Amino acid sequence: MAKKPKAEKADSKRVQRHSPEHFLNRELQVLEFNRRVLAQAEDKAVPILERLKFLCIVSSNLDEFFEIRVSSVKEQIKLGAAAAGPDGLMPLEVFRQVAARAQGIVERQYRLLNEEIFPALAKEGIRFLRRAEWSQGQQEYIRDYFFREMMPVLTPIGLDPAHPFPRVFNKSLNFAVELEGRDAFGRDSRAAIVQAPRVLPRVIKLPKKVSQGPNDFIFLTSILHQHVGELFSGMNVLGCYQFRVTRNSDLFVEDEEVKDLRLALQGELPQRHFGDAVRLEVADNMSEAMTRFLLAQCGLGGDDLYVVAGPVNLVRLMSIPEQVNRPDLEYAPFMQGLPKAVSKGRDLFATIRRGDVLMHRPFQSFTPVIEFIREAARDPQVVAIKQTVYRTGTDSVIMQTLIDAARAGKEVTVVVELMARFDEEANINWSARLEEVGAHVVYGVVGHKTHAKMAMVVRREEGRLVRYAHVGTGNYHPRTARFYTDLDLLTSREAICADVNEVFQQLTGLGKATKLKHVWNAPFMLHQRTLAAIENETRLAKAKKPTRIIAKMNALVDPEVIAALYKASQAGVKVDLIVRGVCALRPGVKGLSENIRVRSIVGRFLEHTRIFHFRNGGEAEVMLSSADWMERNFFRRIELSVPVLDAKVRRRVIREGLKAYLDDNTQAWEMQADGSWKRPRRGRGKAYCAQQYLLKTLAK
């Protein structure tokens, strides 16, 4: 065997590929991200209704975190998993650290809600009235509301041998009621459960005739607490306490045994609401005896208990901004812009033929992408449309347009990802409707989620077929297109279109994967090409040539990529990573990663763009991607990273998508070597916010 060169030996000593101390824990980094989101709710410079929204977003994020990530950790503990993750932590230790940090976040949430946000809203005439504050007129209205709207749909369940503890719906609002006395049948039941139907609003706005201000609200919980005795005639109510159970919501389908994925999922979806309990949230007035009883019924321990000083589901407060209609207490509205190349009345296909078209949403409109599909559907020259679907929503203009295109006799092929988490039902419904009109519906590849965002239009022009493609970093979802930052590229470059077409062929047909010329695709080439690009910068740095890596993504956890970045840093490559959420890499460690800087931008819009820039000795490579640098994206998903070949568009991607975020000194957080995050000092320089700059530059 040939001996390794001395330099290579030295490198291998300096970077051990999977040393646990070089990696941060994924679950703990999820919680760090939510701390950064919570900081937006704590920021007094943010409009008060937006602060409330950020508080709700943290709760929504934590719900999914417990439903998916914590449930997975608990499953590993239950199965006695002996293997540690790349960070060296065993599942039980991960769970204990997660529980401690999550408790801290929840405590901060409710303290902020009660001490700052509610009082600030009250000053603006937006009040949440406690029972002690109700006037006589309000009490009468609320009593009438209870008997008219609530009591007919409430089903109290007394707990006795004939009525065991009910199957509590995932994340539903429930009340545990302590009782004394005997009922009509002589039963001496000491407890009952009242489940609040989902049809009932959790926050009720009082009408003008009884309100004392412009926006007075009552919580559903307050109404039930006031009138719970009406549900248990002749018995004495000792206590009424709200609680909520969070359950494992990850769907499991045995890939090797599936004959019809859609049918298998339809059978699995109803069970999502009744998975194993992973968290119990209770009101802080709940008695110890009832708390112990609920924990036992849910099969949970003390670390799974979250005692809260307010509503157990803060997500329901997300409806308040719409109900109060106070735009002065929200971010200033804006009109999305359009690229100069795209204007009303122009032939979109002719525009794309003249040059690539880039849209930067939400600062620019998603409309050109919708129009791309819409024009294809009604253009008699178009013979075929192909598109991937990951998330589109229940009311999608694009999906309806594809249905219309199929009805019009065009060849429509849609690759629908049925396993898009929490969008399974909507995607099943769309796939059924598409099949009804004769579209070719494919469910991707079992075991590999189709996460690539791509569409292709085939058009007959001057006797030959010409292809047009859309590729993007975000979903075909008009609603999120107004809140998520993403890049969309429309192109007729045959170099790109040929590769996109080949990926569609791989998804819909059979045969060995052929090597793409320009596009990097997962699960075949993306990991290998990403590592090769990083290693190329490392070689160039050793040869004293110009190098730089700038990468923007949602998450970085792949150990191989992290090890490659460490080697690049040691060779002198300057690496800037803009990671919205989870980052398992430790930056700024002497002798390991002192040339790596990691920052995160958390602001008005959710940063969702994936851009990878390698200087490549002066011949810059810039890739737009649907994939984060995670093992699942590299090996268990269908993903695309598409090069930006137009020099003008490439400069724009670097300027808007990377440089703006590296210069941000108002919404940026910088990661420390221990995994914590700090806001960088602004110094005496002028405040600069990337999202504000892009709004000013690109929006109308």
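Because the structure is predicted, anything quoted here is derived from the model rather than measured.
Across all their heavy atoms, A555 and M553 have their closest contact at O-SD, 3.4 Å. Shortest non-hydrogen contact noted between C298 and A277 is O-CB, 3.6 Å. Closest heavy-atom contact between K205 and V324: NZ-CA, 4.5 Å. C56 and L314 get closest at one heavy-atom pair: SG-O, 3.2 Å. Minimum interatomic distance between C240 and V177 (heavy atoms only, all atoms of both residues): SG-CG2, 4.2 Å. In plain terms, the two heavy atoms of Y241 and L238 that are nearest each other are OH-O, 4.3 Å.
For residues 92-126, the set of pairs meeting the ring-ring contact (aromatic ring centres under 6.0 Å, His included) definition, not counting sequence neighbours, comprises F118-F128. Residue pairs meeting the ring-ring contact (aromatic ring centres under 6.0 Å, His included) criterion with at least one partner in residues 315-334, sequence neighbours excluded, are F334-F605. For residues 665-675, the set of pairs meeting the salt bridge (charged side-chain N to carboxylate O under 4.0 Å, His left out) definition, not counting sequence neighbours, comprises R597-E670, R599-E670.
Inspection of the T485 and T609 side chains reveals an N or O donor paired with an N or O acceptor under 3.5 Å. The closest side-chain donor-acceptor pair between Q97 and E93 falls under 3.5 angstrom. No donor-acceptor contact under 3.5 angstrom links the side chains of S172 and Q195, judged on distance only. When only modelled atom types and interatomic distance are considered, Q672 and S676 share no side-chain donor-acceptor pair under 3.5 Å.
A salt bridge links R610 with D628: the closest approach of a Lys/Arg side-chain nitrogen to an acidic carboxylate oxygen falls below 4.0 angstrom. Salt-bridge check for D63 with R279: passed, with a basic side-chain N closer than 4.0 Å to an acidic carboxylate O.
Enclosure of atom CZ in R681 is not indicated, since only 12 or fewer non-hydrogen atoms of other residues, nucleotides or ligands lie within 6.0 angstrom. Within a 6.0 Å sphere centred on CZ of F293, other residues, nucleotides and ligands contribute more than 12 heavy atoms. The neighbour count for R479 CZ, taken as heavy atoms of other residues, nucleotides or ligands under 6.0 Å away, does not exceed 12.
Residues satisfying the side-chain hydrogen bond (donor to acceptor under 3.5 Å, both in side chains) test with Q226, not counting sequence neighbours, are none. Checked against side-chain hydrogen bond (donor to acceptor under 3.5 Å, both in side chains), Q136 has the following partners two or more places apart in sequence or in another chain: E140. Applying the salt bridge (Lys or Arg N to Asp or Glu O under 4.0 Å) criterion to E42, with sequence neighbours excluded, gives R108.
The six-membered or imidazole ring of Y306 lies near that of F66, with a centre-to-centre distance under 6.0 Å.
Cation-pi geometry between R36 and W677 is met: under 6.0 angstrom from the ring centre, within 45 degrees of the axis. Relative to the six-membered ring of Y141, K209 misses at least one condition, a distance below 6.0 Å or an angle of at most 45° to the axis.
Distance check: S71 OG to F65 CZ gives 10.0 Å after rounding to the nearest 0.5 Å. Distance SG/C583 to CD/Q29: 6.5 Å, rounded to 0.5 Å. Atom CG of L317 sits about 11.0 Å away from atom CG of L49, to the nearest 0.5 Å. Taken from CG in N285 to CE in M290, the straight-line distance is 11.0 Å, to the nearest 0.5 Å. Between the CZ atom in F243 and the CG atom in N313 there is a gap of 13.5 Å [rounded to 0.5 Å]. Here L662 contributes atom CG and I578 contributes atom CD1; the two are 4.0 Å apart, rounded to the nearest 0.5 Å.
For T246 (side chain) and K171 (main-chain N/O), no donor-acceptor pair under 3.5 Å exists by modelled atom type. With hydrogens and angles disregarded, a donor-acceptor distance shorter than 3.5 Å links the side chain of N665 to the backbone of Y688. A distance-only check finds no donor-acceptor pair linking the side chain of S72 to the backbone of I68 [under 3.5 Å]. Side-chain N or O atoms of R586 include one that pairs as donor or acceptor with a backbone N or O of E21 at under 3.5 Å. Formation of a donor-acceptor pair under 3.5 Å by the Q691 side chain with backbone atoms of R604 is found in this model. Looking only at distances, no side-chain donor or acceptor of E50 sits under 3.5 Å from a matching main-chain atom of P47. Remark: side-chain polar atoms of D664 are not paired, donor with acceptor, to backbone N or O of A660 under 3.5 angstrom. Side-chain atoms of Q336 come within 3.5 Å of backbone N or O of P362 as a donor-acceptor pair. Between the side chain of R326 and the backbone N or O of E124, at least one donor-acceptor pair lies under 3.5 Å. In this structure, Q242 contributes its side chain and V312 its backbone to a donor-acceptor pair below 3.5 Å.
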Using salt bridge (Lys or Arg N to Asp or Glu O under 4.0 Å), reason through E230 and R143 one step at a time and then give a plain yes or no. CA-CA 10 Å; E230 303 292 347; R143 179 178 175 80; 3.4 Å; yes
K74/D276 under salt bridge (Lys or Arg N to Asp or Glu O under 4.0 Å): CA gap, chis, key distance, verdict: CA-CA 10 Å; K74 288 173 77 72; D276 291 343; over 6 Å; no
What verdict does the salt bridge (Lys or Arg N to Asp or Glu O under 4.0 Å) test give for E133 and R127, after you've listed the backbone C-alpha separation in whole Å, the side-chain angles of each residue and the deciding distance to 0.1 Å? CA-CA 11 Å; E133 300 172 311; R127 303 189 303 162; 6.0 Å; no
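Side-chain atoms of V602 and Q40, non-hydrogen and from C-beta on, do get closer than 4.5 Å to each other.
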